[in-house]
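Please read these numbers as outputs of a predicted model, since none were measured by experiment. Side chains are part of it too, since the values below use all heavy atoms of this structure and drop only hydrogens, waters and symmetry mates.
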Amino acid sequence: MPRSSDVLVHRNRTVADREERTLTADVYRPGAPATTETETADSPRPLVVFVYGGAWETGSTGQFARWALDAADEGFVAAEVSYRLGHEAPFPAQIEDVCEGIDWVVDRADEFGIDSEAVAVVGHSAGAHLALLAALSDDEFGRRTGIDAAVGVSGVYDLRADDHERAGESLPLFDSRPSAAELRRCSPITRVGGDADANSENGPDADAPPTLLLHGSDDSVVAPGQSARLADALDAAGNEVEYDAVGAADHVFLHSSYHYPAVRNRVFSFLRERL
């Protein structure tokens, strides 16, 4: 896809040194002057933080490189943050790392030209789980930055559910078979006021930001019902939510050449309206 502007890319910036690995972030920012009447070349821009998937077992920054380049070309500052995988450290290490990555980027708002009052998270699969958990939790996992919009694609939001095939067995997030309390704590849906567990000790922590959920109708990895139930819970609690069931789409449709143009436009249009 041709680009109308240059993009400045800062790769592998160190976020924090953990015993298991060094956490890093890639940051992409527009390199051309702004062209709108209300923006100047020095105007701060909204931030979109991407969180990659991989079943909490694999994955690394770079999965969202195409998305981040296009986000910067659309006028956003984009970042992709890393996190420890399940075999490196048990939950909540993953969400703590994502929250620290978000804060690290926002703390450098002046360096990267970011509007710290306009921050979105976008995640896929396990990354959608972490992105929505960050967006729906308050400061339990150390996040200081406010989240103003969230997008989850093919995500796992209720690890207690029967349609999540690994809910009843040992998950990569845990050293052993998780307890009911552990599954509840790491399920984003339990942070929503409309959920049955909203009065538990772990939820809800915060009002939900405007949320877009996308899920392929032919997803054989994560059941589309995961997104549908979270959308229903958010809506029942009075939050702004949009849910698109994408026809003839599999688990990784957001990266496919066939679906990418339409999904890209849908996500960026949503973010432009809310940031």
Side-chain angles (χ1 to χ4, degrees), residues 15-16 18 23-27 46-54 56 59 61 63-64 67-68 71 76-86 89-107 109 114 116-159 173 184-193 195 202-214 226-227 230 233-234 237 239-241 267 270-271 274-275:
V15 172
R18 299 283 197 249
L23 303 179
T24 63
D26 296 341
V27 182
L47 170 67
V48 181
V49 178
F50 293 99
V51 187
Y52 53 82
W56 311 285
T61 55
Q63 288 186 22
F64 269 105
W67 276 89
F76 301 98
V77 175
E80 193 176 7
V81 297
S82 68
Y83 56 91
R84 286 168 291 176
L85 303 173
F91 184 87
Q94 297 70 33
I95 183 60
E96 290 173 347
D97 292 350
V98 168
C99 289
E100 182 159 2
I102 295 169
D103 288 340
W104 182 92
V105 178
V106 174
D107 286 346
I114 293 167
S116 59
E117 301 298 319
V119 178
V121 289
V122 177
H124 170 243
S125 191
H129 161 259
L130 295 171
L132 267 295
L133 190 57
L136 296 174
S137 301
D138 198 352
D139 59 358
E140 177 185 349
F141 302 113
R143 177 177 59 78
R144 292 177 283 104
T145 297
I147 303 298
D148 304 291
V151 178
V153 184
S154 308
V156 182
Y157 309 117
D158 188 353
L159 281 82
L173 288 168
R184 182 172 63 245
R185 186 185 182 207
C186 71
S187 294
I189 197 169
T190 64
R191 310 293 174 142
V192 180
D195 181 75
N202 294 316
D205 288 333
D207 292 332
T211 300
L212 172 64
L213 301 174
L214 306 175
Q226 287 276 330
S227 291
L230 179 58
L234 287 165
N239 296 293
E240 180 184 350
V241 60
V267 170
F270 174 84
L271 294 177
R274 280 135 187 104
L275 294 179

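- The closest side-chain heavy-atom distance from Arg191 to Leu133 is below 4.5 Å.
- Looking at heavy atoms from C-beta onward, Trp67 lies out of side-chain contact with Val122 at the 4.5 angstrom threshold.
- The side-chain heavy atoms of Asn239 and Thr211, taken from C-beta on, include no pair separated by under 4.5 Å.
- Side-chain contact between Val81 and Trp104 is absent, with no heavy-atom pair separated by less than 4.5 Å.
- The aromatic rings of His129 and Trp56 stand perpendicular to each other, their planes meeting at an angle above 60°, with 30° marking the opposite boundary.
- The minimum heavy-atom distance linking Ser227 with Tyr157 is given by the pair OG-CE1, 3.4 Å.
- Taking each heavy atom of Gly142 and Cys99 in turn, the nearest pair found is C-CB, 4.5 Å.
- Atom CD of Glu240 is surrounded by more than 12 heavy atoms from other residues, nucleotides or ligands within 6.0 Å.
- Of all heavy-atom pairs between Ala149 and Arg274, the closest is CB-CB, 4.3 Å.
- Between Ala131 and Val121, the shortest heavy-atom distance links the atoms O-CG2, 3.6 Å.
- With a 4.5 Å cut-off on side-chain heavy atoms, Leu234 and Leu136 count as touching.
- Although no hydrogens or angles enter the test, the distance criterion places no donor-acceptor pair under 3.5 Å between the side chain of Asp148 and the main chain of Ala120.
- Side chains of Leu159 and Leu173 form a contact here, defined as non-hydrogen atoms less than 4.5 Å apart.
- Val267 has its side chain out of reach of Val48: every pair of non-hydrogen atoms, C-beta onward, lies at least 4.5 Å apart.
- With sequence neighbours excluded, the residues satisfying side-chain contact (heavy atoms from CB on, under 4.5 Å) with Ala68 are Tyr28, Phe50, Ala78.
- Taking 4.0 Å as the cut-off between side-chain N and carboxylate O, Arg18 and Glu96 do not count as a salt-bridged pair.
- Heavy atoms only, all atoms of each residue included: Gln226 and Gly155 are closest at CB-O, 3.5 Å.
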